[in-house]
Visitor: 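This structure is in structure tokens; I'll ask about it shortly.
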Protein chains: 2
Amino acid sequence: MKHLKVIEALKEEKLLQEIQVCGWIRSFRNGRFVALSDGSCLHTLQCVIEDDVLLDEFTISRLNIAASIQVMGVLKESEGSGQRVELLVKKLTIEGEASPEEVKKTILSPKKHSLELLREQAHLRVRTNTFGSIMRVRSKLSYAIHHYFQQKNFQYVHTPIITSSDAEGAGETFKVTHLDFEKLPIDDMGKVDIKKDFFGKPTNLTVSGQLEGETYAMGLGDIYTFGPTFRAENSNTSRHLAEFWMVEPEMAFCDLDKNMDIAEDFIKYVINYVLEHCADDLEFLEKRLLSEDKQKPKEERNELLLREKLELVSKNHFKRVSYTEAIEILKSSKPNKKKKFKYPVDKWGVDLHSEHERYLVEKHFKCPVILFNYPASIKAFYMRLNNDGETVRAMDILFPGIGEIVGGSQREERLEVLKEKMDILKISQEELYWYLDTRRFGTCIHSGFGLGFERLVLFVTGMTNVRDVIPYPRTPMNAEF
Amino acid sequence: MKHLKVIEALKEEKLLQEIQVCGWIRSFRNGRFVALSDGSCLHTLQCVIEDDVLLDEFTISRLNIAASIQVMGVLKESEGSGQRVELLVKKLTIEGEASPEEVKKTILSPKKHSLELLREQAHLRVRTNTFGSIMRVRSKLSYAIHHYFQQKNFQYVHTPIITSSDAEGAGETFKVTHLDFEKLPIDDMGKVDIKKDFFGKPTNLTVSGQLEGETYAMGLGDIYTFGPTFRAENSNTSRHLAEFWMVEPEMAFCDLDKNMDIAEDFIKYVINYVLEHCADDLEFLEKRLLSEDKQKPKEERNELLLREKLELVSKNHFKRVSYTEAIEILKSSKPNKKKKFKYPVDKWGVDLHSEHERYLVEKHFKCPVILFNYPASIKAFYMRLNNDGETVRAMDILFPGIGEIVGGSQREERLEVLKEKMDILKISQEELYWYLDTRRFGTCIHSGFGLGFERLVLFVTGMTNVRDVIPYPRTPMNAEF
């Protein structure tokens with residue numbers, strides 16, 4: 001007998017055949033209709049127990065929500081509305097029970113639970129419709145990322161997670177150690193003897209694979225990374241995680257313009273991919289968002305439906321604006337004049353905050369914006385200095401509701417300029433000799449960017465807290481499961 | 001003008017068109033022939049400088065190995081042998097120089113370097129043919145893994161890297177901390193106050209995503225992970241890394257037999273994928289292996305060519321043998337009788353060592369072997385106890401030259417049996433309440449396995465040291481770059 005997943009059974013062309021399906025009970029109505037989910041898609045398969053003598057009382061009494069069952073039956077055209085096919089049950093076995101009293105204490109019980117409660121039971125929340133959909137979309141988005149780069153002949157590179165270089169300065173790092181805190185080895189100077197640690201020196205979790213990625217781009221041409229990165233920032237916001245996944249492409253012989261082209265094309269591709277391959281899940285998430293919006297005051301509601309928003313992004317050009325232009329727009333903007341910004345924009349050179357980015361994207365341009373050519377003073381050491389000597393070839397992509405989703409730049413390819421910059425910022429040339437070597441042996445114009453994967457999942461699913469788009473979020477004081 | 005990668009130029013059908021290519025010089029012969037590599041494939045594009053007045057002396061003098069150049073020219077049928085097309089140079093610009101004196105000190109110099117030396121210059125080794133090929137194969141293997149599972153409707157799950165549970169007991173873990181070693185906070189008892197750490201409790205790097213993966217399989221049905229895992233074992237062998245990538249599928253409603261079917265099918269698929277998509281790189285690695293073999297005594301040489309070995313694996317059934325049968329075979333084997341094994345096989349229940357696994361695979365069966373139904377006492381707590389009460393539904397896949405490449409099992413789905421086992425092994429039920437919950441609410445027969453990605457890359461590339469199949473290996477006393 002054919003064993004089918006629910007997603008396959010629902011699409012099966014050949015009816016009236018006997019099949020087997022396994023899954024968990026989502027509901028049991030009228031002593032006859034079991035809605036069966038196996039996680040392969042959003043929808044359940046309706047299993048109909050027509051024959052009253054088929055199941056004994058004991059079995060019937062255990063057909064509870066969350067129990068797992070194995071069903072054999074005949075696939076047939078559905079008599080009810082809402083589904084094309086249903087399964088006429090011939091045999092049903094309960095594989096794992098679920099006590100209604102116990103289920104009632106969990107988020108598996110059939111009522112609306114708050115996202116906070118779902119977070120506390122993160123090991124069960126994937127069994128809800130919302131999180132099933134989010135996680136399927138997350139999976140498909142991941143695959144779309146690989147698919148995009150592989151078809152363009154980029155090589156996937158696994159840059160190291162444990163690293164001894166913290167030169168990027170992207171933020172606070174976590175230390176990695178094998179020392180026993182209670183018995184730290186002490187050296188002659190009375191300091192902790194880190195030479196006795198596993199790697200013989202201080203190591204931390206990577207904040208970015210970029211520098212190592214660059215060394216690989218100098219050999220393989222176009223590469224990308226997709227892996228976990230870490231920040232030990234004590235920020236308890238809905239946008240920050242201590243552990244998150246990042247995509248970092250790096251392209252040899254590629255300038256800032258081409259970098260922006262690729263980043264835009266890439267984002268549009270992956271969004272179109274899930275629009276095509278996750279239609280059911282996105283429809284569900286769209287309805288979810290709509291019903292959430294109804295609880296909100298009118299001015300806080302989304303102007304567009306979820307898929308309308310995704311299509312808008314995937315079908316329109318991202319507006320490219322230089323930092324200098326952006327400052328002019330912000331300086332003369334209403335909220336700036338009326339002193340509504342927390343950080344007033346008074347002069348060229350100030351860093352842009354979330355409020356400014358959102359104004360540009362949501363109020364002024366009303367579309368994704370790529371800001372480029374930032375002041376050198378507010379950007380990282382490795383970015384290509386422009387001929388004006390004041391700005392660097394950096395670019396950030398800003399999304400409505402999300403803010404920065406991509407940060408990238410053309411890299412400083414000139415050895416002497418790079419060394420000078422490192423000296424000013426007191427970054428050790430000795431420690432980063434290997435990075436400088438890429439500029440010593442056939443250096444070339446090259447560029448790359450980083451995309452925060454959870455921010456992309458947030459945008460695509462319409463969720464508002466990054467804790468809800470990763471299976472087990474890590475945040476200050478929280479490393480459960 | 002069309003900008004083409006070398007891989008595209010070599011395949012381009014439309015000749016006599018002007019194109020642009022960028023890359024690094026691999027060789028410059030007779031003042032006329034530049035071999036250009038851009039890492040997109042193994043092969044170089046031959047660029048021919050026919051017109052003697054095209055380039056000035058100064059430019060010619062800088063056409064050194066490892067320098068990067070931009071070439072415009074006309075793609076034409078090659079007059080020489082060894083390539084289909086070549087580029088007749090119309091314009092050539094040097095983008096990044098490479099001083100021959102400096103290059104001579106590195107592995108970029110055109111002679112044979114030892115793998116040890118290449119490891120020391122890991123930031124440059126990807127620019128060699130060998131490592132370019134290895135890393136392209138690694139990239140394609142990664143993609144094949146995603147492709148296999150996605151087309152079978154498995155969901156990709158990112159299980160956490162930082163974790164507070166060390167219950168799996170798969171090995172020594174690295175601690176993750178944000179405390180300052182020189183200023184550790186001390187509690188009332190005089191102990192290090194770990195509550196003051198970032199997560200408020202001890203955390204470490206994951207050794208496996210399996211337990212979290214199981215919670216997701218209980219919601220999404222079939223899932224897989226593919227991410228970094230860590231072991232703080234002080235073992236300096238050619239088979240162990242402190243940081244390595246692992247693939248861990250987990251399937252609901254799947255028993256051990258089906259688990260073995262999927263694992264075998266999966267491995268064959270990804271091997272066939274690279275045989276098809278990395279033909280040039282595998283041919284190169286095959287030749288490399290052959291010339292290495294010639295340096296060895298006859299009895300140590302490989303019996304098969306690299307691709308013959310891969311095809312043998314991908315085209316033949318893996319032999320399935322129970323642990324009990326394997327012990328009988330080993331007990332009466334020649335090396336055991338002649339006391340040639342370091343660990344004699346004298347009775348049922350002993351753990352198998354590498355020498356035994358290699359005997360079974362390489363001498364006895366001469367094909368990949370799946371060993372199953374191991375004694376419970378030598379396997380992990382979560383494995384499904386057989387009805388004999390003595391063996392568990394574990395399985396290991398053993399490969400020639402590699403040993404264990406996959407370890408998996410059917411999981412113990414019975415709550416009471418699992419709790420009993422945890423009590424015996426003193427694993428805290430309280431700490432793993434979330435894992436036990438998967439058995440409380442609709443538990444089901446389920447299985448999964450883990451594949452050590454670097455071992456697979458070793459097998460496919462014919463390399464013999466795991467340090468040579470990952471960009472920046474992490475081993476005891478080594479976290480460079």
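Throughout, a chain's letter reflects where its sequence line sits, starting with A, and its residues are numbered from 1.
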Visitor: Heavy-atom distances under 4.5 Å only: say whether B:Ile194 touches chain A with side chain, backbone, both or neither.
Guide: side chain
Visitor: Parallel, tilted or perpendicular: which one describes the rings of B:Trp434 and A:Tyr472, with boundaries at 30° and 60°?
Guide: tilted
Visitor: Are B:Lys140 and A:Phe154 in a cation-pi setup, meaning NZ or CZ lies under 6.0 angstrom from the ring centre and within 45 degrees of the ring axis?
Guide: no
Visitor: What do you reckon, are the aromatic ring centroids of B:Phe230 and A:Phe198 less than 6.0 Å apart?
Guide: no
Visitor: Side chains of A:Leu184 and B:Leu184: closer than 4.5 Å at any heavy-atom pair?
Guide: yes
Visitor: Of the listed residues (A:Gly221, A:Gly23, A:Pro473, A:Ser37), which shares the most heavy-atom pairs with chain B below a 4.5 Å separation?
Guide: A:Gly23
Visitor: Angle class for the A:Tyr143/B:His147 ring planes (parallel below 30°, perpendicular above 60°, tilted otherwise)?
Guide: tilted
Visitor: Is there side-chain contact between A:Phe181 and B:Lys191, with heavy atoms separated by less than 4.5 Å?
Guide: no
Visitor: So which of B:Phe453, B:Tyr156, B:Trp245 has the biggest tally of heavy-atom pairs under 4.5 Å with chain A?
Guide: B:Trp245
Visitor: Counting C-beta onward and ignoring hydrogens, is there a side-chain heavy-atom pair between A:Asn478 and B:Phe199 closer than 4.5 Å?
Guide: no
Visitor: For chain A, which of B:His3, B:Arg439, B:Arg414, B:Met218 has the most heavy-atom pairs under 4.5 Å?
Guide: B:Met218
Visitor: What option among B:Thr203, B:Asp38, B:Ile162 has the most heavy-atom pairs under 4.5 Å with chain A?
Guide: B:Ile162
Visitor: What residue, out of A:Gly200, A:Ala242, A:Gly442, has the most heavy-atom pairs lying under 4.5 Å from chain B?
Guide: A:Gly442
Visitor: Just so I know, are the side chains of A:Pro471 and B:Pro160 near enough to count as touching, which here means a heavy-atom distance under 4.5 Å?
Guide: no
Visitor: Counting only non-hydrogen atoms closer than 4.5 Å, does B:Lys196 touch chain A with its backbone (N, CA, C, O), its side chain (CB onward), both, or neither?
Guide: neither
Visitor: Side chain, backbone, both or neither: which part of B:Ile445 has a heavy atom under 4.5 Å from chain A?
Guide: both
Visitor: Between B:Ile65 and chain A, with a heavy-atom cut-off of 4.5 Å, which part of the residue counts as in contact: side chain, backbone, both or neither?
Guide: neither
Visitor: When you compare the side chain of B:His178 with that of A:Asn234, does any pair of heavy atoms fall below 4.5 Å?
Guide: no
Visitor: Would you mind checking which part of B:Arg138 comes under 4.5 Å of any heavy atom in chain A, side chain (CB onward), backbone (N, CA, C, O), both or neither?
Guide: side chain
Visitor: Please flag which part of A:Leu415 lies under 4.5 Å from any non-hydrogen atom of chain B: side chain, backbone, both or neither.
Guide: neither
Visitor: What are the two closest heavy atoms between B:Pro228 and A:Pro228, and how far apart are they?
Guide: CG-CG, 3.8 Å
Visitor: With sequence neighbours left out, write down each residue that passes side-chain contact (heavy atoms from CB on, under 4.5 Å) with A:Lys195, or none if nothing qualifies.
Guide: A:Asp193
Visitor: Does any backbone or side-chain atom of A:Ala217 lie under 4.5 Å from a heavy atom of chain B? Answer side chain, backbone, both or neither.
Guide: backbone
Visitor: Looking at B:Thr443, is its backbone amide N or carbonyl O close enough to the side chain of A:Ser68 to form a donor-acceptor pair, meaning the two atoms are under 3.5 Å apart?
Guide: yes
Visitor: Tell me if a side-chain donor or acceptor on A:Glu243 pairs with a main-chain N or O of B:Ile161 at a distance below 3.5 Å.
Guide: yes
Visitor: Quick check: do B:Asn153 and A:Glu8 have side-chain heavy atoms less than 4.5 Å from each other?
Guide: no
Visitor: Backbone N or O of B:Val176 within a donor-acceptor pair of the A:Lys175 side chain at under 3.5 Å?
Guide: no
Visitor: Select, from B:Leu179, B:Asn64, B:Val157, the one with the greatest count of heavy-atom pairs under 4.5 Å involving chain A.
Guide: B:Leu179
Visitor: Should B:Thr215 and A:Val126 be marked as a side chain to side chain contact (heavy atoms under 4.5 Å, CB included) after you check the CA-CA gap, both sets of side-chain angles, and the distance that decides it?
Guide: CA-CA 8 Å; B:Thr215 66; A:Val126 72; 6.0 Å; no
Visitor: Return the option, out of B:Gly132, B:Ala122, B:Cys22, with the maximum number of heavy-atom pairs under 4.5 Å with chain A.
Guide: B:Cys22
Visitor: State yes or no: are the ring centers of B:His158 and A:Phe244 separated by less than 6.0 Å?
Guide: no
Visitor: Counting only heavy atoms closer than 4.5 Å, note whether B:Phe131 contacts chain A via side chain, backbone, both or neither.
Guide: neither
Visitor: Hey, is B:Glu480 close enough to A:Lys201 for a salt bridge, meaning N to O under 4.0 Å?
Guide: yes
Visitor: Among A:Ile25, A:Asp197, A:Ile470, A:Ile7, which residue forms the greatest number of heavy-atom pairs with chain B at distances under 4.5 Å?
Guide: A:Ile7
Visitor: Would you confirm whether B:Arg136, through its side chain, and A:Gln155, through its main-chain N or O, come within 3.5 Å as a donor-acceptor pair?
Guide: no
Visitor: If the test is ring-ring contact (aromatic ring centres under 6.0 Å, His included), which one of B:Phe441, B:Tyr216, B:Tyr433 qualifies with A:His123?
Guide: B:Tyr433
Visitor: With rounding to the nearest 0.5 angstrom, report the CG to OG1 distance, B:Asn204 to A:Thr177.
Guide: 12.5 Å
Visitor: With a 4.5 angstrom heavy-atom cut-off, is it the side chain or the backbone of B:Ala252 that approaches chain A, or both, or neither?
Guide: side chain
Visitor: Where on B:Thr475 is there a heavy atom nearer than 4.5 Å to chain A: the side chain, the backbone, both, or neither?
Guide: backbone
Visitor: What residue in B:Thr159, B:Leu205, B:Leu108, B:Leu220 has the most heavy-atom pairs under 4.5 Å with chain A?
Guide: B:Leu220
Visitor: With no hydrogens and no angle check, is any side-chain donor or acceptor of A:Glu182 less than 3.5 Å from a backbone partner on B:Val192?
Guide: yes
Visitor: Would you say the side-chain atoms of A:Trp24 pair up with the backbone N or O of B:Gly219, donor to acceptor, closer than 3.5 Å?
Guide: no
Visitor: Is a side-chain donor-acceptor pair under 3.5 Å present for B:Ser139 with A:Gln150?
Guide: yes
